[in-house]
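Here the structure is a predicted model, which is why all the values come from computation and not from measurement. Along the sequence shown, residues carry numbers from 1.
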Amino acid sequence: MKHKLAFIISVFICTSAICAETTPYISKIIDFVPAPGQFINVIPAYDEGDTKEDIIAKIGSQIIGTGNGTLLSLGAWGGYIIVGFDHTIPNIIGEYDFHISGNAHLSYIEETQRYGGSCEPGIVMVSRDANNNGLADDEWFKLAGSGHYLPETKKKYEVTYYKPSAEMDASTQNIANYILWKDNQGEQGYISKNVFHKQSYFPLWIDADSITFSGTLLPPNGVTGINGYTILYAFDWGYADNYPNNDERSRFKIEWAVDNNGNPVHLDGIDFIKIYTGVLQNNGFMIGECSTEIAGITDLHFGSGNTANFVDKVFVSSNIGKELRINTTIPLFGTLLTINGTIITEINFQKGNNILSTNHLQKGIYLLQLTDACGTSHVYKLIK
């Protein structure tokens, strides 16, 4: 039976239930490997016998499904988290694409004419599920923030943290030489332990004598003033936990992405985000090591109904000789119609390449309406 275009309203009713199940927030924790730090084994709390899976489950209860949940510490330089979403976050050129919540606080320092306070910048990386397998196993790209091109910034940096042979008690005094680290530049130092946080700073669910991280090292941002108080200065833009959550500079653009050689790349969208602490610095016992904290991530385009957002996710062959080809990064509901609005067929398109035979169609002009899970749709003109 043929239907008229007016009855396509049923498509929106069907997809609205799917849309209700999606969120603009993190939907899964893929990996979490913190570096040693004063909040490790505390947020989230480690219970004896916890495995990595147990810790990831606890993290999920804190930051999945919310843009600003319970704070999570990544520890010292290199400590990271990888998260995924139940949809692709689109890259809308010229707009901010997602927001990362942290706990940075700052003010404008007149003496230095810079913004500073408690800024603990985290480097942000993004990845697209190019092979459509739902795993974060495709190429990663770094968002090149303002510190990326500084001469002091070190690329291809590596640090190994060594688990203490015996836990040190900081009940009565601070411990300067607590957790040893060595880098690939011939330098070494320690993560200190203070009397405010007396638990082990080495992640107890990791059954290894050391942890090694690699990535980009930003220049130290902590400066001790004449009063002895350390100010952690903000980088201009492009890092997590670097500006307050209500500041525009806690938002990010996918168009900042660069490859391993520092060359700009274009991604039409991303499915995974990795954040790791970008600075290796001891800021005294009152503040401790620089450690990025996050509390959630929000897709800033979610539910916007932005047509450009939708079109960037889909490729449709406009010339349909023997077949119609659709390459999409999101599931879609398709309706093929005559130029007069009569429905020929309705079909669900899955992520990836889809091919629909058009041998049965006569020469002429057709319309293809594609609708995503949230009811956003776009109509393509096809010619045979």
Side-chain angles (χ1 to χ4, degrees), residues 25-26 32 34-35 37-40 42-44 59 62-63 66-81 83 96-126 142-148 150 153 194 196-197 215-225 229-253 256 273-300:
Y25 312 117
I26 296 168
F32 174 61
Q38 61 190 312
F39 296 108
I40 304 306
V42 175
I43 48 174
I59 295 170
Q62 294 177 185
I63 63 174
T66 177
N68 192 11
T70 303
L71 281 170
L72 171 70
S73 176
L74 303 182
W77 182 86
Y80 68 85
I81 187 170
V83 302
Y96 290 107
D97 301 307
F98 60 91
H99 174 273
I100 300 177
S101 293
N103 70 335
H105 299 279
L106 51 69
S107 59
Y108 187 73
I109 313 298
E110 291 289 348
E111 293 81 358
T112 58
Q113 297 185 355
R114 297 171 62 191
Y115 287 96
S118 62
C119 309
E120 299 178 285
I123 292 173
V124 180
M125 302 189 71
V126 296
K142 178 169 53 181
L143 297 191
S146 60
H148 179 72
L150 294 177
T153 296
N194 59 58
F196 307 106
H197 303 97
T216 295
L217 175 68
L218 297 172
N221 68 324
V223 177
T224 302
Y229 183 77
T230 300
I231 297 175
L232 305 183
Y233 283 98
F235 287 82
D236 289 342
W237 53 273
Y239 300 100
D241 199 21
N242 185 51
Y243 276 89
N245 294 337
N246 61 354
D247 193 291
E248 181 182 272
R249 287 162 288 191
S250 62
R251 299 181 175 192
F252 298 82
K253 296 181 180 181
W256 297 338
I273 293 175
K274 176 180 179 179
I275 304 170
Y276 66 90
T277 301
V279 172
L280 179 58
Q281 183 175 18
N282 188 340
N283 297 298
F285 290 111
M286 290 297 294
I287 297 178
E289 79 289 339
C290 180
S291 55
T292 301
E293 279 93 43
I294 68 165
I297 303 176
T298 304
D299 173 1
L300 296 175

I'd like to know whether N68 forms a side-chain contact (heavy atoms from CB on, under 4.5 Å) with N245, so could you lay out the CA-CA distance, the side-chain angles of the two residues, the decisive distance to 0.1 Å, and finally the verdict. CA-CA 9 Å; N68 192 11; N245 294 337; 3.8 Å; yes

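- No donor-acceptor pair under 3.5 Å is formed between the side chain of H99 and the backbone N or O of G67.
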Under 3.5 Å, which donor-acceptor pairs do the side chains of residues 114-125 form with other protein atoms, sequence neighbours left out?
from, atom 1, to, atom 2, distance (Å)
S118, OG, H105, N, 3.1
S118, OG, H105, O, 3.4
E120, OE2, S291, N, 3.0

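- Taking CD1 of I297 as the start and CD1 of I100 as the end, the distance is 4.5 Å to the nearest 0.5 Å.
- Considering OG1 of T70 and CD of E293, their distance stands at 12.5 Å, rounded to 0.5 Å.
- No side-chain heavy atom of W77 sits less than 4.5 Å from a side-chain heavy atom of V279.
- The shortest distance between side-chain heavy atoms of L74 and I81 falls below 4.5 Å.
- Take R249 and apply the side chain to side chain donor-acceptor pair (under 3.5 Å) test, not counting sequence neighbours, and it matches Y243, D247.
- The shortest distance between side-chain heavy atoms of F98 and R251 does not fall below 4.5 Å.
- Y80 is linked by a ring pair (Phe, Tyr, Trp, His ring centres under 6.0 Å) to nothing, counting only residues two or more places apart in sequence or in another chain.
- Closest of all the heavy-atom pairs between C290 and T277 is O-CG2, 3.5 Å.
- At least one donor-acceptor pair closer than 3.5 Å links the side chain of Q38 to the backbone N or O of I287.
- Of the possible polar contacts, one joining the D241 side chain to the N103 backbone as a donor-acceptor pair under 3.5 Å is found.
- Taking OG1 from T153 and CG from L217, the interatomic distance works out to 7.5 Å, rounded to the nearest 0.5 Å.
- The nearest pair of heavy atoms linking G37 to E289 is CA-OE2, 3.3 Å.
- With rounding to the nearest 0.5 angstrom, the OG atom of S146 is 7.0 Å from the CG atom of N242.
- For N283, the side chain to side chain donor-acceptor pair (under 3.5 Å) criterion is met by no residue, not counting sequence neighbours.
- Annotation: side chain of F252 is not in contact with side chain of D97 (no heavy-atom distance under 4.5 Å).
- Listed for the Q281 side chain is a donor-acceptor partner under 3.5 Å among the backbone atoms of G222.
- Between V126 and L143, the closest side-chain pair of non-hydrogen atoms falls below 4.5 Å.
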Output a table of donor-acceptor pairs, distance under 3.5 Å, between side-chain atoms of residues 231-239 and any protein atom two or more places apart or on a different chain; print 'none' if there are none.
from, atom 1, to, atom 2, distance (Å)
Y233, OH, T112, OG1, 3.1
Y239, OH, G147, N, 3.0
Y239, OH, H148, N, 3.3

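- Taking the six-membered ring for Trp and the full ring otherwise, H197 and F39 have centroids separated by under 6.0 Å.
- Of all the heavy atoms in P44 and I59, the pair that sits closest is CG-CG1, 3.9 Å.
- Note that OG1 of T298 is 7.0 Å distant from CG of L300, once rounded to the nearest 0.5 Å.
- In this view, Y25 satisfies the ring pair (Phe, Tyr, Trp, His ring centres under 6.0 Å) rule with no residue, not counting sequence neighbours.
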